[in-house]
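Just so it is clear, the structure is predicted and the values come from calculations on it, not from any experiment.
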Amino acid sequence: MRTGSAVAATGFVGTHQTRRWSVPSGFSSRRTLSTAAVIILSLLPASGIAGDQTPDWRLNARIVAVGLPNVAGVREVGRFHVGGPIPGNPEFLMATREGRVLDPLRVLVAVGSNFGAPPGDPALEAGAILSIDPQGTESGDPIVVPEDLASDNWENRVQLYTAQSERFLNRRYNAGARTARLAAASGPRYISINNAFGRPWIANAPSGINGEGSVTVVDPNGAPLANAPSRVAGGVFAGRHTDREQTPKAQPSGWLGKLLNYQASGQLTAGGMQTGALGTAFLGPSPDGSGFAVFAAVTADGGVVQIHVQDGVDGLAGPGTVSTGHGIGDDPGVIGIAFKWNPDRALYIADPGRDRLVLLELEDDRRHFTVARTRTISLPEFDRPVDVAAAIPEIANPQFSSHTTLAGGSDLFVANRGDGSLLRLSQNGRLLARATIDVPGLGPLGPDRLRAIATSADAQRIWITIGGDIPEFPGREGALIEIPTFGEHGASTTIRKTQGTQADTNLVARGKQVFQTDYTPQTGLGPLFNAASCVACHPGPGGASIDESHFARRIAHMDPVSGRAGPIDHPNSPVARRHALRDGMGIVPAATPSQANVISLRMPLALYGIAGIDEIPDSVIEAQAVSKGDGIKGRAHHVVDAHGASRVGRYGWKADIATLEDMVANAFANELGVTSATGHETGMQPIEDDSAQVDAVASYLRALRLPDGAKP
């Protein structure tokens with residue numbers, strides 16, 4: 001371990017000036033950072049030549065939970081894609097509802113304790129996977145996980161998902177499996193989730209790092225996979241017991257073809273889990289055409305294997321590909337692993353013993369994955385790197401979605417256990433930014449405290465597990481903390497409010513004021529607009545209007561022969577605003593495009609309760625997009641919100657707007673002409689920060705209720 005940081009930071013030299021960025025710490029709701037809870041960020045640049053300097057940020061953390069002994073891997077649950085087994089099974093789907101164990105916004109944490117559950121095998125390591133509500137407690141204080149959690153789910157904010165206990169043994173559903181006596185979690189180290197068409201997978205070291213490792217596939221009830229494709233493994237792959245023993249002669253087609261095509265064989269590539277499994281990552285569907293999932297796992301001997309959920313374990317890269325530490329018997333806790341699927345396939349693996357990342361470029365032989373080339377990334381700033389995470393996880397693709405998968409072009413975060421720092425790297429290994437972390441009551445996160453990291457689905461937060469005690473919570477070893485993501489230009493300070501947000505009173509009052517404000521050209525009105533205020537078209541404020549002069553006009557051009565309607569290339573389209581500014585100041589009627597031969601009038605609706613649409617889980621909307629037997633079938637419209645996250649659309653004429661904030665920003669742009677509110681007009685200089693106005697109005701709408709005596 002190095003004796004000092006690779007970047008010593010005190011001042012900025014050259015044309016740049018030292019800046020300070022304020023970001024509050026804490027949540028006011030379970031879904032997001034509130035204005036008062038955004039994390040403080042200040043710039044601590046290193047001395048050097050301006051232009052060549054890597055930004056070095058200091059981030060203040062929020063403590064989410066304490067009392068996590070021998071804590072290791074962490075992962076946000078995320079949304080499971082329609083078509084997979086979890087959304088397709090009503091019982092499983094219920095586990096993804098708000099407050100349940102696989103709620104998409106909950107965080108799974110690997111911990112080395114059974115929390116009071118009797119061990120399924122006392123000879124093996126204890127361990128559990130906890131499901132934690134990242135809000136914390138109602139008071140905003142960290143969750144203190146009770147030592148007897150197995151007997152009390154403690155108000156649902158922390159739940160025992162699975163553990164090394166009788167009801168979570170493989171034999172519950174797979175009594176004939178060779179690994180029937182093993183549990184879903186035993187000495188758990190790392191978590192990866194097949195959000196595309198599968199379930200959570202866990203890497204374990206049930207007999208320590210020098211004993212046989214296991215990788216498990218877990219159902220929403222915490223037990224290893226029921227109805228498992230492999231009778232040999234069931235839901236637990238371990239040691240050399242579940243190595244591949246058969247292989248397809250050709251790509252199978254249907255169950256009969258699969259049965260006839262398979263023949264007995266040895267492994268296609270030698271390798272196994274003779275030592276503890278310290279990391280795992282989803283690779284996607286098998287290249288053999290079967291459609292079954294394949295995961296990679298890295299073991300304590302530095303080898304990498306691949307696990308086919310039906311056919312078992314093959315090798316991928318031999319022992320010594322990575323090293324666990326600088327000395328014999330060093331235990332890094334985890335060895336992080338992330339998969340790049342687009343445009344080329346590659347595995348990024350932490351190599352803590354050699355202070356580098358190993359990059360395995362992958363091919364396949366239409367049966368399993370093979371290594372085409374091995375490269376390494378070495379930087380002076382690496383100091384026992386133990387984990388890697390996608391800066392933007394793949395959440396959209398229904399074949400590769402997983403928090404251990406990089407979205408196209410995504411950077412990586414690298415966690416240094418040696419000095420407690422985080423790095424942001426491009427895929428080619430260029431260092432983009434560095435961050436150190438201040439923990440409340442602890443101060444700077446020092447050597448040997450950091451355990452593992454994960455990025456949230458919206459790419460705005462980083463979840464971090466740390467070892468040791470927090471001074472304010474003596475005897476409660478291990479913690480889950482949260483910081484904002486960061487890059488070359490600072491931290492992610494714009495955090496989206498989502499389901500269940502409780503509006504801040506002052507922000508609501510500010511939102512009502514903005515809603516009733518008459519805008520002028522000096523305060524951002526125009527250049528094209530329908531009204532000078534929100535309340536003009538939504539009187540009350542917040543009601544509907546039957547005044548035709550307030551109706552929005554949607555225009556298009558319809559081909560008189562084909563009957564097809566298409567967009568019009570004109571600034572006053574597809575919403576034809578009624579007013580325009582002349583010479584930037586005078587108000588005149590706006591010109592309607594001459595190509596328009598279709599006009600649709602849209603009445604401004606009442607806004608009471610409109611925020612409730614944002615609170616409906618994606619899974620509930622998608623569950624209704626099925627045939628009801630009357631020949632009618634709905635389709636959920638998946639869109640990308642302003643932060644790059646994919647979710648079901650809820651607002652707009654075609655459900656093409658993702659969130660309440662996005663809807664308000666769209667109204668600012670289309671109805672008031674404040675086009676910089678959507679973030680697309682970078683050349684404009686708004687009088688007031690548009691995002692602040694959008695947040696205020698959204699908070700006001702969340703608090704908006706029907707007037708006394710009014711009927712809905």
| task | Flag the pair L412 / L406 as yes when at least one side-chain heavy-atom distance between them is below 4.5 Å, and no otherwise. | result | yes

ask   = Counting distance only, does the side-chain N/O of R79 pair as donor-acceptor with the main-chain N or O of P104 below 3.5 Å?
value = no

Any I555 side-chain heavy atom under 4.5 Å of P593 side chain:
yes

Establish, for the pair R602 and W653, whether the NZ or CZ atom is under 6.0 angstrom from the six-membered ring centre and no further than 45 degrees off its axis.
yes

In this structure, CG of D219 is separated from CG of N227 (nearest 0.5 Å) by 8.0 Å

Taken to the nearest 0.5 Å, the spacing of D364 CG from S286 OG works out to 8.5 Å

ask   = Does the side chain of S545 reach to within under 4.5 Å of the side chain of F551, using non-hydrogen atoms?
value = no

Between R366 and D288, is the closest basic N to carboxylate O distance under 4.0 Å? no

task = Compute whether any side-chain donor of one residue and acceptor of the other, for N530 and R577, lie under 3.5 angstrom apart.
result = no

Worksheet item: Are D559 and R564 within salt-bridge range, i.e. N to O under 4.0 Å?
Response: no

- Side chain proximity check, V309 to W201, heavy atoms < 4.5 angstrom: yes

d(L605 CG, C537 SG) to nearest 0.5 Å is 11.5 Å

Query raised in the report: Would you say the side chain of F339 lies within less than 4.5 Å of the side chain of L362, judging by non-hydrogen atoms?
Result: yes

Any V535 side-chain heavy atom under 4.5 Å of H538 side chain: no

Hey, does P285 have a side-chain heavy atom less than 4.5 Å from the side chain of F292?
-> no

message: Testing the 3.5 Å rule here: is there a donor-acceptor pair between the side chains of W341 and E394?
response: yes

Determine, stepwise, if the pair F529 / I587 fulfils side-chain contact (heavy atoms from CB on, under 4.5 Å). CA-CA 10 Å; F529 58 97; I587 298 176; 3.9 Å; yes

### Query
With a 4.5 Å heavy-atom cut-off, do V77 and R75 have their side chains touching?
no

Between the CZ atom in R345 and the CD atom in E361, the distance rounded to the nearest 0.5 Å is 11.5 Å

- prompt: Do side-chain atoms of S410 reach the backbone of I392 as a donor and acceptor pair under 3.5 angstrom?
  reply: yes

Of all heavy-atom pairs linking T404 and A281, the shortest is OG1-CA, 3.7 Å

Shortest non-hydrogen pair, V107 vs P134, comes out as CG2-CB, 4.3 Å

Open item on the list: Go through it in stages, so that I can follow the logic: the residues are F369 and L283, the test is side-chain contact (heavy atoms from CB on, under 4.5 Å), and I'd like the CA-CA distance, side-chain angles, deciding distance and then a yes or no.
Closed with: CA-CA 9 Å; F369 293 100; L283 296 181; 3.8 Å; yes

Short side-chain to backbone donor-acceptor contact, D656 and G652, under 3.5 Å
no

Using modelled atom types and a 3.5 Å cut-off, is there a donor and acceptor pairing between side-chain atoms of R106 and backbone atoms of S131? yes

So, K512 side chain and Q516 main chain: donor-acceptor pair closer than 3.5 Å or not?
no

Next on the checklist: Would you call the rings of F668 and Y519 parallel, tilted or perpendicular, taking 30° and 60° as the class edges?
Outcome noted: perpendicular

side-chain hydrogen bond (donor to acceptor under 3.5 Å, both in side chains) evaluation trace for E482 with W463:
CA-CA 5 Å; E482 175 203 18; W463 309 111; over 6 Å; no

| task | Say whether, by atom type as modelled, one donor and one acceptor occur between the side chain of R553 and the main chain of A576 under 3.5 angstrom. | result | yes

Do N428 side-chain atoms and R430 backbone N/O form a donor-acceptor pair below 3.5 Å?
yes

Practice item. Show the numbers, then the answer: is there a side-chain contact (heavy atoms from CB on, under 4.5 Å) between E661 and V664? Key: CA-CA 5 Å; E661 279 76 13; V664 172; 5.8 Å; no

Requested in this report: List the steps, then state whether side-chain contact (heavy atoms from CB on, under 4.5 Å) holds for L660 with R702.
Outcome: CA-CA 9 Å; L660 182 64; R702 284 195 173 90; 3.8 Å; yes

With a sphere of 6.0 Å drawn around CG of D583, does it hold more than 12 non-hydrogen atoms of other residues, nucleotides or ligands?
no

Nearest heavy-atom approach of D411 to L432 is OD2-CD1, 3.2 Å

Here the gap from H403 atom NE2 to S192 atom OG, rounded to the nearest 0.5 Å, amounts to 10.0 Å

CG (D518) and OG (S533) are apart, to the nearest 0.5 Å, by 4.5 Å

| said: Tell me if a side-chain donor or acceptor on T405 pairs with a main-chain N or O of F400 at a distance below 3.5 Å. | reply: yes

Partner of R647 under salt bridge (Lys or Arg N to Asp or Glu O under 4.0 Å), picked from D662, D614, D458, is D614

### Task
Output yes when a side-chain donor or acceptor of T455 lies under 3.5 Å from a complementary backbone atom of I462, and no otherwise.
no

- Query: Does CG in L601 sit with more than 12 non-hydrogen atoms of other residues, nucleotides or ligands closer than 6.0 Å?
  - Reply: yes

### Task
Please test F197 against F282 for ring-ring contact (aromatic ring centres under 6.0 Å, His included), starting from the C-alpha separation and ending with a verdict.
CA-CA 11 Å; F197 55 91; F282 178 48; 5.7 Å; yes

Next on the checklist: Would you call the rings of F413 and F486 parallel, tilted or perpendicular, taking 30° and 60° as the class edges?
Outcome noted: tilted

Has H81 got a side-chain atom pairing as donor or acceptor with Q399's backbone, closer than 3.5 angstrom?
no

Here the pair of heavy atoms bringing R650 nearest to I613 is NE-O, 3.1 Å

